[in-house]
Amino acid sequence: MVTKFQKRVYEKLQQVPKGKVTTYKELAKAVKSKAYRAVGTAMKKNPFAPKVPCHRVINSDGYVGNYTAPGGINKKIELLRKEGVIVQNHYIDLNKYLYIF
DNA sequence: CTCGTGACTTACG
DNA sequence: ACGTAAGCCACGA
């Protein structure tokens, strides 16, 4: 099922424009919560894909993180590059691509 | 209700 | 700088 918490997260995530990314931390902050891990769990579920761009969510350091969908982490990077995001060795330049709500 | 798990973060040695 | 441990929250069994 889709919990209220997840809805909030997905809604915020949809605000991230193409060519930009956000971090689990920022996303959690955006929903006034510190459930960084729960955010990750929500992405894993992602009942609204591809409506919800879960591939635009990365770790606070710029590391792409994980990705359970078919294709794995590699696919995630592909998608990001297609959107114009430069990804190097699983890392993204937050100063250029981090989207702040 | 309690326990275990995870697409995380921060602190410490 | 790097690896490990602890802290965190939400969710399913």
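Since the structure is predicted, the reported quantities are computational estimates derived from the model, not experimental observations. In what follows, chains are A, B, ... by sequence order, proteins preceding strands, each numbered from 1.
Note that the first and last nucleotides of DNA chain B, 5' to 3', having any atom under 4.0 angstrom from a heavy atom of chain A are dG6(B) to dT10(B).
Val2(A) and Pro47(A) make their closest contact through CG2-CG, 3.8 Å (heavy atoms, listed as atom of the first residue, atom of the second, distance). Counting all heavy atoms, side chain and backbone alike, Thr23(A) lies closest to Val57(A) at C-CG1, 4.2 Å. Scanning both residues, Leu94(A) and Ile58(A), for their nearest heavy atoms gives CD2-CD1, 3.6 Å. The two residues His90(A) and Tyr63(A) make their nearest non-hydrogen contact at O-CD1, 3.3 Å. Smallest separation of non-hydrogen atoms from Glu26(A) and Ile100(A): OE1-CD1, 4.0 Å. Minimum interatomic distance between Cys54(A) and Asn46(A) (heavy atoms only, all atoms of both residues): SG-ND2, 3.1 Å.
Residue pairs meeting the ring pair (Phe, Tyr, Trp, His ring centres under 6.0 Å) criterion with at least one member in residues 1-42 of chain A, sequence neighbours excluded, are Tyr10(A)-Phe48(A).
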Any protein N or O atoms within reach of nucleotides 9-13 of chain C? Criterion: under 3.5 Å, listing atom names and distances.
{"residue": "dC11(C)", "atom": "OP1", "partner": "Thr3(A)", "partner atom": "OG1", "Å": "2.2"}
{"residue": "dC11(C)", "atom": "O3'", "partner": "Lys45(A)", "partner atom": "NZ", "Å": "3.4"}
{"residue": "dG12(C)", "atom": "OP1", "partner": "Lys45(A)", "partner atom": "NZ", "Å": "3.1"}

Collect all protein-nucleotide pairs involving nucleotides 2-4 of chain C in which both atoms are nitrogen or oxygen and the distance is under 3.5 Å.
none

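Less than 4.0 Å separates DNA chain B from at least one heavy atom of each of the following residues of residues 50-63 of chain A: Cys54(A), Asn59(A), Ser60(A).
The pair Arg8(A)-Glu11(A) does not meet the salt-bridge criterion, since no charged nitrogen lies less than 4.0 angstrom from a carboxylate oxygen.
Among residues two or more places apart in sequence or in another chain, the salt bridge (charged side-chain N to carboxylate O under 4.0 Å, His left out) test is passed with Lys96(A) by none.
A donor-acceptor contact shorter than 3.5 Å is absent between the side chain of Arg56(A) and the backbone of Leu13(A).
Between Tyr97(A) and Tyr99(A), the gap from one ring centroid to the other reaches at least 6.0 Å.
Partner Glu83(A) forms a side-chain hydrogen bond (donor to acceptor under 3.5 Å, both in side chains) with one of Lys20(A), His55(A), Lys18(A) and no other, that one being His55(A).
Within the nucleic acid shown, Lys44(A) comes within 4.0 Å of at least one base atom, counting heavy atoms only.
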